[in-house]
A.B. asks: 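I have a structure here, written as structure tokens, and I will follow up with some questions on it.
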Amino acid sequence: MERYDPNTIERKWQGVWEREGAFTVPNPESPRGGDSDKKTYVLEMLPYPSGELHMGHVLNYTLGDVVAHLRRRRGYTVLRPIGYDAFGLPAENAAIKEGRHPRDVTNRNIAAIREQMKRMGWSIDWSRELSTAEPEYYRWTQWLFLKFFAEDLAYRREAFVNWCPNDQTVLANEQVIDGHCERCGWEVEARSLEQWFFRITAYADRLLEEMNLLESWPERVLTMQRNWIGRSEGAEVVFRIEELDIDIPVFTTRPDTLFGSTFFVVAPEHPLVARLAQGTPHEQEVLEYARHAAARPAVERADPEKEKTGVFTGHFVTNPVNDNRLPVWVSDYVLMEYGTGAIMGVPAHDERDFAFAQRFELPIKPVVVPADGEVEEGTAFIGHSGDEKLIDSAQFSGMSSTEAKEAIVEWLESRGRGRPAVSYRLRDWLLSRQRYWGCPIPILYCDECGMVPVPEEDLPVLLPEVEEYLPKGRSPLAAAEEWVNTTCPKCGGKARRETDTMDTFVDSSWYYLRYCDPRNGEAPFDRAIVDYWLPVNQYIGGIEHAILHLLYARFFTKVMNDLGLVDFREPFARLFNQGMLYYHGAKMSKSKGNVIVPDQYVDRFGAEAVRLYVLFMGPAEADKEWQDAGIEGMFRFLGRLWRLGLEVAGGEPNGVPASGPLVRRAHETIAKVTDDIERRFQFNTPIAAVMELVNDIYHAKDDPARAAEVRFATETAVSLIQPYVPHLSEELWERLGHERLWSTPWPEADRALLERETFELVVQVNGRVRDRVEVPVGLSEDELIARAKTLPRVQPYLDGKDVKKAVVVPGRLVNLVV
RNA sequence: GCGCUGGUGGCGGAAUUGGUAGACGCGCAAGGUUGAGGGCCUUGUGGGCGAAUAGCCCGUGGAGGUUCAAGUCCUCUCCAGCGCACCA
């Protein structure tokens with residue numbers, strides 16, 4: 001018999017698909033009238049072309065491929081594009097190392113990845129392929145930036161920013177992990193620099209509220225985003241320094257504890273620090289402390305375990321609720337970036353303030369007590385119920401915490417000393433980078449006109465050629481003098497170009513829209529086409545993008561909705577995070593050197609054994625350990641299916657309508673596979689189900705009387721496994737005398753055949769299984785109990801005992817309680 | 001410290017609504033096919049007692065509980081992974 005030769009089969013069908021444009025999907029003629037109920041946009045996160053495709057990608061794209069194939073065969077028009085997140089530091093670093101242009105490195109990597117993807121046989125519409133580093137694409141990234149700029153959603157300001165001394169560039173907050181650069185692991189410094197920001201904080205509430213528009217997102221991703229946004233309701237309370245005639249507001253979530261405030265703290269970076277220190281005996285000490293604190297590494301400063309530090313300024317603020325004078329301190333446990341950069345110290349009810357008060361022997365004054373029970377000694381009493389009672393708080397004493405919050409803020413508001421306020425942990429998105437390989441920011445600086453956006457018709461602002469990519473703390477673009485020096489489009493005078501480039505997360509915040517209309521030269525996309533395809537029905541990617549990419553993309557979509565560019569507010573209706581792959585007990589990563597590249601396995605077992613194995617390994621969302629032996633099992637199964645297919649194809653095509661137990665098994669398998677993929681998003685169990693069917697067929701295939709059954713069941717197995725192994729199944733389908741399985745309607749389970757005439761009744765005595773017996777369906781409960789009692793293996797347990805109770809689960813079991 | 005997710009044979013895992021624990025695959029063992037090996041086909045394979053393909057007992061990290069019935073629900077606890085963590 002002809003051997004199963006995956007490489008020949010795979011190459012053959014990949015050629016056919018390409019020639020026939022099997023997975024190319026044109027946009028609807030009139031997208032506005034398109035039936036969006038019959039479309040599916042399946043999207044996987046676009047790869048960063050870092051060199052090679054690894055098994056994590058293989059899992060990601062194979063998942064999407066199964067969904068796409070199934071959807072197509074169920075009558076949907078499926079959009080399934082691919083592209084490359086092509087700008088970014090790794091290509092630039094590789095370029096520096098190899099002495100080549102980042103573009104060459106990137107294009108070489110893209111070519112390699114494309115080759116690998118084609119070899120895997122994914123059903124991608126290659127006509128929509130895009131790269132974010134091509135001028136045809138980044139032109140529109142710049143265009144969008146200008147739209148944001150016009151709306152004041154992109155702005156420039158001097159700010160303390162995260163600076164990575166190794167990569168010589170700034171980082172967004174989201175790219176700093178435990179005070180270290182996400183990419184290279186160096187300790188991040190705080191530096192005050194002029195930088196570009198997107199005003200994502202203006203959308204904080206909508207990013208929270210509009211989560212309810214999402215159909216199906218993992219709860220943990222939503223939680224992570226909620227935590228990241230960190231919305232806190234509270235009040236702004238204005239304290240006053242009489243002798244300096246200045247008001248300092250603070251933000252607090254606990255206005256009910258205002259009477260317990262015994263000190264006041266401002267952040268070392270607070271703009272009033274210098275004035276507070278001026279002329280006091282503490283001046284030198286304060287300024288020294290502020291300078292020192294600002295220069296401290298962020299990691300060290302942010303460690304809650306370390307002892308609190310701080311200095312007294314010599315000044316006092318007046319507490320607006322009781323006119324108490326509170327000493328003003330400077331301490332680095334107060335952050336300039338959150339709230340107002342100043343706090344009221346309430347040591348009795350805040351752990352951090354408690355620690356500070358203990359360190360500097362400041363008074364601790366409890367003003368809230370539990371409704372019942374005792375306060376633990378030596379800690380701050382927080383209280384979470386809201387029922388806690390106020391004491392020593394003037395007219396508010398006796399109120400519950402919840403009542404007092406409202407009453408005190410109201411009282412303050414009536415005196416102009418406070419108001420309700422909301423604070424967020426989320427900061428504006430720092431988007432400028434001092435690196436070469438990114439999208440240039442389309443802004444000019446004119447001596448006369450100031451900051452001037454590049455006119456739309458002058459886009460794209462192309463990346464200039466430079467000699468040297470090595471970062472030196474300023475953008476390498478600054479060296480391209482001819483490019484930097486230009487004329488002002490407003491006044492015609494001298495102007496200089498912005499030399500920073502954009503964070504690559506800007507590029508990937510809208511790529512899913514460009515796929516809809518990738519060759520549009522007039523606009524980033526046609527609105528009607530985008531409105532037809534979006535939202536993405538199923539987005540698939542790694543959990544590592546739970547915050548960064550997904551939050552940014554949601555933000556971009558909301559802004560574009562406000563600008564009238566799109567008519568939806570959330571880009572991704574359903575999100576799925578596949579699990580991480582481990583090898584030899586560790587997360588696969590380049591630095592650990594345990595990345596598995598598919599090629600070696602594709603060479604030996606074919607792409608389809610690899611595709612099958614990544615899905616068979618376990619639940620798609622779970623982290624899993626790659627095992628070489630596992631893939632051999634898949635190869636064996638495919639060989640088994642191959643031989644079965646050839647054997648059946650070589651037999652008589654049987655026109656007699658098939659019936660029998662195998663036909664029923666086939667229909668049960670159809671129901672299981674369809675339900676598992678479509679409803680349960682479970683990909684491993686359908687494979688097991690088809691394997692079971694194949695095993696059953698093997699037991700019947702040598703009986704000539706069952707040839708029709710065997711043929712039907714075999715064809716069903718081939719059809720059901722097609723989304724997983726489209727090449728092999730296509731080949732067998734052809735040999736079985738059919739054409740184009742990829743566009744053959746997905747089989748439907750025959751309800752009538754699923755109905756059974758008998759079932760196996762499980763008989764338990766006192767909850768323990770004692771026997772099983774095949775009985776007809778439709779027996780009454782009493783009849784089932786009677787049948788159960790007569791069973792010889794059950795009888796000994798009933799001997800001489802009364803059956804006190806009998807529980808019947810229809811169609812399943814009888815439990816006799818004695 | 002707080003939050004989330006998970007813990008099932010030698011291994012990866014299945015068990016969908018509280019109803020037969022261990023599907024399917026790997027590994028291992030036996031038989032068949034074969035000149036041999038590989039491959040393929042068939043059978044067996046959670047643990048214990050047992051000659052047994054007779055039967056019984058134990059068994060889903062641990063301890064309790066609810067229930068006729070618990071891998072599944074509840075309480076406590078241990079372990080692992082992930083997220084957050086001076087955010088007022």
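Note on naming: letters A, B, ... go to the chains in the order of the sequence lines (proteins, then strands), and numbering restarts at 1 for each one.
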A.B. asks: Can G9(B) be described as syn, meaning its chi torsion is within 90° of 0, or is it anti?
C.D. replies: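 Here the answer is syn: the torsion falls within 90° of 0.
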
A.B. asks: Take the protein atom CG of Leu813(A) and the nucleotide atom C1' of G18(B), then report the distance between them rounded to whole Å.
C.D. replies: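 Distance check: Leu813(A) CG to G18(B) C1' gives 11 Å.
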
A.B. asks: Distance between the P atoms of G31(B) and G37(B), in whole angstroms?
C.D. replies: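 That atom pair is separated by 12 Å.
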
A.B. asks: With a 4.0 Å cut-off on heavy atoms, is Arg793(A) in touch with a base, just the backbone sugar-phosphate, or nothing at all?
C.D. replies: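 Sugar-phosphate only.
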
A.B. asks: What is the distance, to the nearest angstrom, from the CZ atom on Phe759(A) to the P atom on G19(B)?
C.D. replies: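 Going from Phe759(A) (CZ) to G19(B) (P), I get 16 Å.
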
A.B. asks: Could you check whether Arg231(A) gets within reach of a base, just the sugar-phosphate, or nothing at all, counting any heavy atom under 4.0 Å?
C.D. replies: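 Nothing: the residue Arg231(A), judged by heavy atoms under 4.0 Å, touches no strand.
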
A.B. asks: Among U42(B), C11(B), C86(B), which is the nearest nucleotide to the side chain of Asp332(A)?
C.D. replies: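 Given the options U42(B), C11(B), C86(B), the side chain of Asp332(A) is closest to C86(B).
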
A.B. asks: Starting at atom CZ of Arg636(A), determine the distance to atom P of U42(B), rounded to an integer number of angstrom.
C.D. replies: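 Taking CZ of Arg636(A) and P of U42(B), I get 13 Å after rounding.
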
A.B. asks: Could you tell me how far U8(B) sits from U67(B) if I compare only their C1' atoms? Round to whole Å.
C.D. replies: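 22 Å, rounded to whole Å.
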
A.B. asks: Using the P atom on both, measure A70(B) against G18(B) and round to a whole Å.
C.D. replies: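 Rounded to whole Å, the distance is 14 Å.
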
A.B. asks: Select base, sugar-phosphate, or nothing to describe what Glu760(A) touches, counting heavy atoms under 4.0 Å on all strands.
C.D. replies: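 Glu760(A): base contact, heavy atoms under 4.0 Å.
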
A.B. asks: Taking for each residue the nucleotide of RNA chain B bearing the nearest heavy atom, is the 5' side occupied by Val817(A) or by Lys701(A)?
C.D. replies: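 With Val817(A) and Lys701(A) compared, the 5'-side residue is Lys701(A).
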
A.B. asks: Among A88(B), A15(B), C41(B), which nucleotide has an atom closest to any side-chain atom of Thr685(A)?
C.D. replies: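 Shortest atom-to-atom distance from the side chain points to A15(B).
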
A.B. asks: Between C24(B), C86(B), C84(B), which nucleotide gets closest to the side-chain atoms of Ala688(A)?
C.D. replies: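 Ranking C24(B), C86(B), C84(B) by closest atom to the Ala688(A) side chain puts C24(B) first.
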
A.B. asks: When we call it a touch if two heavy atoms are under 4.0 Å apart, what does Gly339(A) touch: a base, just sugar-phosphate, or nothing?
C.D. replies: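 No contact.
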
A.B. asks: How many whole angstroms separate atom CD1 of Ile687(A) from atom C1' of G12(B)?
C.D. replies: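 Going from Ile687(A) (CD1) to G12(B) (C1'), I get 13 Å.
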
A.B. asks: Give me the distance, rounded to whole Å, that separates U72(B) from A21(B) when you measure between the P atoms they each carry.
C.D. replies: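 Per the computed distance, 14 Å lies between those P atoms.
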
A.B. asks: Have a look at Val334(A) and say if it touches a base, only the backbone sugar-phosphate, or nothing, with a 4.0 Å heavy-atom cut-off.
C.D. replies: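 Result for Val334(A) = base.
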
A.B. asks: Ignoring backbone atoms, establish whether Arg680(A) has a side-chain N or O less than 4.0 Å from OP1 or OP2 of A15(B).
C.D. replies: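 Affirmative; the distance criterion is met.
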
A.B. asks: Does Arg226(A) come within less than 4.0 Å of Glu219(A), counting only side-chain N to carboxylate O?
C.D. replies: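 Yes, this pair counts.
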
A.B. asks: Which part of the nucleic acid does Gln764(A) contact within heavy-atom distance under 4.0 Å: base, sugar-phosphate only, or nothing?
C.D. replies: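 Since a base atom lies under 4.0 Å of Gln764(A), the category is base.
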
A.B. asks: Using atom C1' in both nucleotides, what's the gap between U20(B) and U60(B) to the nearest angstrom?
C.D. replies: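 To the nearest whole Å, 15 Å.
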
A.B. asks: With rounding to whole Å, what would you report as the distance between U34(B) and G44(B) at their C1' atoms?
C.D. replies: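 Taking atom C1' in both U34(B) and G44(B), they lie 23 Å apart.
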
A.B. asks: Is Asp256(A) salt-bridged to Arg254(A), going by a charged N under 4.0 Å from an acidic O?
C.D. replies: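 Answer for the salt bridge query: yes.
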
A.B. asks: Looking at Phe356(A), I'd like to know if the NZ or CZ of Lys308(A) sits under 6.0 Å from its six-membered ring centre while staying within 45 degrees of the ring's axis.
C.D. replies: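 Judged by the rule, Lys308(A) and Phe356(A) form no cation-pi pair.
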
A.B. asks: Output the rounded distance in Å from CG (Leu612(A)) to P (C24(B)).
C.D. replies: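 Interatomic distance, CG of Leu612(A) to P of C24(B): 16 Å.
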
A.B. asks: In whole Å, I'd like the distance from the CD atom of Gln225(A) to the C1' atom of G3(B).
C.D. replies: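 These atoms are roughly 17 Å apart.
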
A.B. asks: Of all the choices, G13(B), A88(B), A14(B), which nucleotide is nearest to the side chain of Phe251(A) once you look at every atom?
C.D. replies: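 So the side chain of Phe251(A) is nearest to A88(B).
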
A.B. asks: Choosing from A15(B), A88(B), C57(B), which nucleotide comes nearest the side chain of Arg768(A)?
C.D. replies: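 Side chain of Arg768(A) sits closest to C57(B).
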
A.B. asks: Check whether any side-chain heavy atom of Thr309(A) sits under 4.5 Å from a side-chain heavy atom of Tyr289(A), and report yes or no.
C.D. replies: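 Yes, side chains in contact.
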
A.B. asks: Roughly, in whole Å, what's the span from CH2 in Trp228(A) to P in G83(B)?
C.D. replies: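 In whole Å, G83(B) P lies 12 Å from Trp228(A) CH2.
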
A.B. asks: Of the options C24(B), U20(B), G19(B), whose atoms approach the side-chain atoms of Arg772(A) most closely?
C.D. replies: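 For Arg772(A), the side-chain atoms sit closest to U20(B).
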
A.B. asks: Taking the ring of Trp329(A) and the ring of Phe263(A), is the distance between their centroids below 6.0 Å?
C.D. replies: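 Aromatic pair excluded; centres sit 6.0 Å or further apart.
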
A.B. asks: Of the listed nucleotides (G25(B), A23(B), G19(B)), which one gets closest to any side-chain atom of Glu692(A)?
C.D. replies: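 Closest of the options to the side chain of Glu692(A): A23(B).
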
A.B. asks: Look at all strands and tell whether Asn815(A) reaches a base, only sugar-phosphate, or nothing, counting heavy atoms closer than 4.0 Å.
C.D. replies: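 Since a base atom lies under 4.0 Å of Asn815(A), the category is base.
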
A.B. asks: Nearest-nucleotide wise, let me know which of Arg254(A) and Met224(A) is further upstream toward the 5' end of RNA chain B.
C.D. replies: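 It is Met224(A) whose nearest nucleotide is closer to the 5' end.
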
A.B. asks: Closest to the Met634(A) side chain: A88(B), A14(B), G25(B)?
C.D. replies: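 The answer is G25(B), which lies nearest to the side chain.
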
A.B. asks: So, is Arg640(A) close to the C41(B) phosphate, meaning a side-chain N or O under 4.0 Å from OP1 or OP2?
C.D. replies: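 Arg640(A) to C41(B) OP1/OP2: side-chain N or O found under 4.0 Å.
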
A.B. asks: Are Arg680(A) and Asp675(A) ion-paired here, with the side-chain N under 4.0 Å from a carboxylate O?
C.D. replies: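 Asp675(A) and Arg680(A): not salt-bridged.
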
A.B. asks: Output the rounded distance in Å from CG (Asn695(A)) to C1' (G25(B)).
C.D. replies: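 Atom-to-atom, Asn695(A) to G25(B), this comes out as 10 Å.
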
A.B. asks: Among U42(B), A88(B), C56(B), which nucleotide has an atom closest to any side-chain atom of Ser232(A)?
C.D. replies: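 For Ser232(A), the side-chain atoms sit closest to A88(B).
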
A.B. asks: Where the side chain of Arg679(A) is defined as all heavy atoms beyond and including C-beta, which of G19(B), U16(B), G13(B) is the nearest nucleotide?
C.D. replies: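 Nearest listed nucleotide: U16(B).
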
A.B. asks: Distance check, C1' atoms only: G47(B) and G10(B), in whole angstrom units.
C.D. replies: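 The same atom, C1', in both gives a distance of 12 Å.
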
A.B. asks: My understanding is that only residues two or more places apart in sequence, or in another chain, count here; which of them pass ring pair (Phe, Tyr, Trp, His ring centres under 6.0 Å) with Phe354(A)?
C.D. replies: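 Result, ring pair (Phe, Tyr, Trp, His ring centres under 6.0 Å) vs Phe354(A): none returned.
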
A.B. asks: Tell me what Phe635(A) touches on the nucleic acid: a base, only sugar-phosphate, or nothing, going by heavy atoms under 4.0 Å.
C.D. replies: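 No contact.
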
A.B. asks: Can you find a pair of side-chain heavy atoms, one from Val807(A) and one from Gln764(A), that are under 4.5 Å apart?
C.D. replies: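 Heavy-atom side-chain distance check fails, nothing below 4.5 Å.
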
A.B. asks: Give me the distance, rounded to whole Å, that separates U17(B) from G27(B) when you measure between the C1' atoms they each carry.
C.D. replies: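 Taking atom C1' in both U17(B) and G27(B), they lie 35 Å apart.
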
